[in-house]
Asks: 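Take a look at the following structure, please.
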Amino acid sequence: MAGVTVRLPDGSSRDFDHEVTAREVAESIGPRLAKAALVAVVDGHEVDLSVPVPDGSEVAIVTPDSDLGREVLRHSTAHVMAQAVARLWPGAHYAIGPVIADGFYYDFELPDDARFTDGDLDRISATMREIISEDQPFVRTELSPEEGLALFADQPFKQEIIETVGAREEAIDLESEGVSSSVVSAYRNTPEFTDLCRGPHVPSTSRLGHFALQRVAGAYWRGDEKRQQLQRIYGTAWESDKALADYLHRLEEAEKRDHRKLGVELDLFSFPPQLGGGLAVWHPKGGVARKLMEDYSRERHATGGYEFVSTPHLANANLFETSGHLGFYQDGMYPPMEMDNGTYYPKPMNCPMHCLIYASRQRSYRELPLRLFELGTVYRYERAGTLHGMMRIRGFTQDDSHIFCTEEQLPGEIASLLEFVMSVLTAFGFSDFTFNLSTKDPKKYVGSDEIWEKATDALRHALESGGLTYKVKEGDAAFYGPKIDIDVRDAIGRTWQLSTIQCDFNQPERFDLEYVGADNARHRPIMLHRALFGSVERFFAILLEHYAGALPTWLAPEQVRVLGVRDDHQEYVDQVAARLAGAGFRVEVEAADEPLGARIRRAKLAKIPYILVVGDDDVAQGTVGVNQRGSDKPERGVPVDGFMARLASDVADRVLPAGVA
RNA sequence: GCCUGGGUAGCUCAGUCGGUAGAGCAACGCACUCGUAAUGCGUAGGUCAGGAGUUCGAUUCUCCUCCCAGGCUCCA
């Protein structure tokens with residue numbers, strides 16, 4: 001028999017005088033690796049350890065403490081969960097069970113239209129632990145589509161997957177289910193339980209166990225709400241109990257940052273049921289922070305060459321006929337009002353009104369680019385189940401601008417917009433950006449190929465000349481033009497899509513917008529949509545979660561709280577507070593009718609950047625004690641002037657709170 | 001809109017196998033006057049989300065509605 005030589009990731013190679021499996025390669029490297037091995041990557045393909053490796057191949061052994069290893073653990077755990085459900089609900093149909101970020105899910109249809117309830121999770125977990133202790137092997141078999149159909153004769157979803165892939169080419173998302181047009185692969189755990197699957201899988205169920213089932217949910221088959229709704233269970237699985245516990249702890253920490261919780265705790269805003277679902281009121285403290293955000297936004301737009309406009313909340317239906325919103329998005333609009341001699345709608349976007357401003361008179365090329373800006377409040381009828389605090393709300397304010405320019409001006413405008421957006425986001429404490437360029441959907445677009453190409457090139461060029469790396473999302477553009485979306489990463493690693501720069505060839509057409517060029521002929525301007533925060537409400541929610549409620553001093557509703565040690569220090573407390581307030585700082589005092597420790601605690605919980613404590617020494621020397629947020633060692637005897645200078649530079653420099661990168 | 005789970009004081013929650021409710025924190029009052037994360041005592045605070053039904057009696061059981069949470073779908 002011929003020998004086999006394989007290359008390892010470290011560049012070394014190993015010779016065998018016989019055919020070997022991936023497992024034997026691992027064993028030859030070391031017993032610990034062999035013990036930890038889950039699957040292998042052979043020439044870039046993920047395979048089971050049991051497969052023979054070809055001569056000359058590159059072999060990497062995958063262990064549980066790698067991203068790929070965890071994916072395999074999760075995928076195999078999903079199979080175990082399916083088997084547990086099949087045991088507990090004989091006759092259950094199982095659909096798909098993929099790996100997702102940090103976990104997995106599996107969709108089922110239970111007999112007699114039964115539903116999972118939260119209590120079922122414990123029963124299923126217990127059965128899964130039995131299956132794991134049974135040390136069942138994962139045995140791969142490859143079948144023809146016909147054999148596959150026979151094997152899964154009582155599993156309609158599996159049959160549909162096999163048939164769909166056989167019939168159509170576009171089955172990329174189904175390939176993970178183990179089907180290509182000619183071969184069906186399946187993994188058998190027991191004579192009773194086999195699942196359609198591409199694999200690879202861990203060698204046996206005993207390699208699993210550090211998992212938790214998290215929640216049940218309804219999910220439409222194939223993600224299509226017109227099709228039946230299946231019962232989904234979400235779970236997570238890790239390489240060790242510690243990794244699992246760490247993950248669950250991270251989830252708890254993220255929950256503490258929930259802006260809805262912080263909104264109540266810090267008295268920022270609320271969602272009174274009497275107001276109606278998806279509608280918010282801003283309380284004084286939230287209102288101040290919002291005003292500061294908006295002031296800063298206006299200031300930047302003023303210096304950035306924008307012109308300020310203002311438009312009403314209602315518009316005649318004709319306007320939205322012209323813009324096309326009624327045709328495309330009527331379901332997402334609030335219902336119409338019949339008034340006087342017309343039908344009116346609350347506006348879902350500001351752009352049609354900005355188009356009217358442009359169209360109000362003849363425009364010259366000398367006026368372009370014309371940059372209109374508005375903090376415009378819009379109303380969208382979001383479906384009840386999609387509402388989510390300030391993140392997804394029915395009435396919100398966009399920091400919306402529309403830039404009308406010539407084709408020639410487009411590249412320069414886009415480049416300066418990118419710079420502008422990043423500069424403003426940086427001021428709010430975001431520094432990790434991701435850029436996505438969405439290109440034409442060949443099946444759905446307006447405008448000439450030529451203009452699409454020019455605009456897409458302009459977007460791409462702006463990104464590249466700015467030295468920005470970006471991902472291309474082919475075919476992801478809106479029908480009216482290509483766009484750049486900007487995502488930011490927050491303090492705990494989550495990404496949020498915030499800003500968007502979109503070319504629009506459609507509305508200038510629909511509104512018949514024109515300018516007179518230097519050639520004395522009429523031309524169509526290009527319109528750029530640009531939202532920076534996106535929605536002021538959502539942006540504020542993201543800021544709150546990013547900072548875990550500890551807003552930077554320049555945005556903090558209350559910047560300083562002054563506390564006297566005893567109530568006979570109150571006169572000095574008031575003097576200090578008055579000086580700070582006189583200098584424009586947001587300062588409050590709390591009388592000394594409770595022990596100092598209790599008042600400090602309250603101020604700390606309110607996440608106030610500076611707590612000033614004053615006592616006899618301070619009254620005598622004109623100083624304050626400074627207890628800064630994020631620091632455990634208070635300072636004593638700080639001159640008031642010195643503190644005010646420090647506070648002023650903290651605000652002016654928009655210093656980030658401690659602990660935020 | 002669909003699936004699952006919820007809604008008890010401002011907040012966090014306990015409780016009622018059907019006999020109209022309780023704690024901690026917060027609020028208010030009094031006392032305490034204290035140098036860096038909870039002083040003590042007291043007071044007040046509830047249509048137990050809303051409506052209908054069963055019952056001698058419903059916060060508790062049933063149904064409907066509203067709202068909230070987690071998903072699905074959607075997000076110009």
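Lettering of chains follows the sequences in order, A, B, ..., and the numbering in each one begins at 1. Fair warning: this is a prediction, and the values are worked out from it, not measured in the lab.
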Asks: Check this for me: does any side-chain nitrogen of one of A:R257 and A:D490 sit under 4.0 Å from a carboxylate oxygen of the other?
Replies: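 No, A:R257 and A:D490 are not salt-bridged.
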Asks: Could you identify the nucleotide paired to B:rG40, looking across every strand shown and requiring Watson-Crick or G-U wobble geometry with both distances under 3.5 Å?
Replies: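 Paired with B:rG40, as far as the under-3.5 Å criterion goes, is B:rC30.
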Asks: Could you check whether A:D331 gets within reach of a base, just the sugar-phosphate, or nothing at all, counting any heavy atom under 4.0 Å?
Replies: nothing
Asks: In the structure shown, which nucleotide is the Watson-Crick or G-U wobble counterpart of B:rA52, with both distances under 3.5 Å?
Replies: B:rU62
Asks: Counting only Watson-Crick pairs (N1-N3 plus N6-O4 or O6-N4) and G-U wobbles (N1-O2, O6-N3), all under 3.5 Å, who is the partner of B:rG57?
Replies: none
Asks: Give one of base, sugar-phosphate or nothing for A:Y220, where a contact means two heavy atoms less than 4.0 Å apart.
Replies: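 Base contact - A:Y220 has a heavy atom under 4.0 Å of at least one base atom.
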Asks: Which part of the nucleic acid, if any, lies within reach of A:G625 when heavy atoms closer than 4.0 Å are counted: base, sugar-phosphate only, or nothing?
Replies: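 Base contact - A:G625 has a heavy atom under 4.0 Å of at least one base atom.
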Asks: Checking A:R222 against A:Y220 for the side chain to side chain donor-acceptor pair (under 3.5 Å) test, could you report, in this order, the C-alpha distance in whole Å, the side-chain angles of both residues, the deciding distance, and whether it holds?
Replies: CA-CA 6 Å; A:R222 294 279 187 85; A:Y220 300 102; over 6 Å; no
Asks: Heavy atoms under 4.0 Å, any strand shown: does A:A592 hit a base, just sugar-phosphate, or nothing?
Replies: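 Since a base atom lies under 4.0 Å of A:A592, the category is base.
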Asks: How far does the P atom of B:rC25 sit from the matching atom of B:rC64, given to the nearest Å?
Replies: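 Between the two P atoms, the distance is 41 Å.
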Asks: What does B:rC17 pair with, Watson-Crick or G-U, if both distances are under 3.5 Å?
Replies: none
Asks: If you count every heavy atom of other residues, nucleotides or ligands that lies below 6.0 Å from A:K261 atom NZ, does the total exceed 12?
Replies: no
Asks: Taking pairing as Watson-Crick or G-U wobble with both contacts under 3.5 Å, can you name the mate of B:rG10, or confirm there isn't one?
Replies: B:rC25
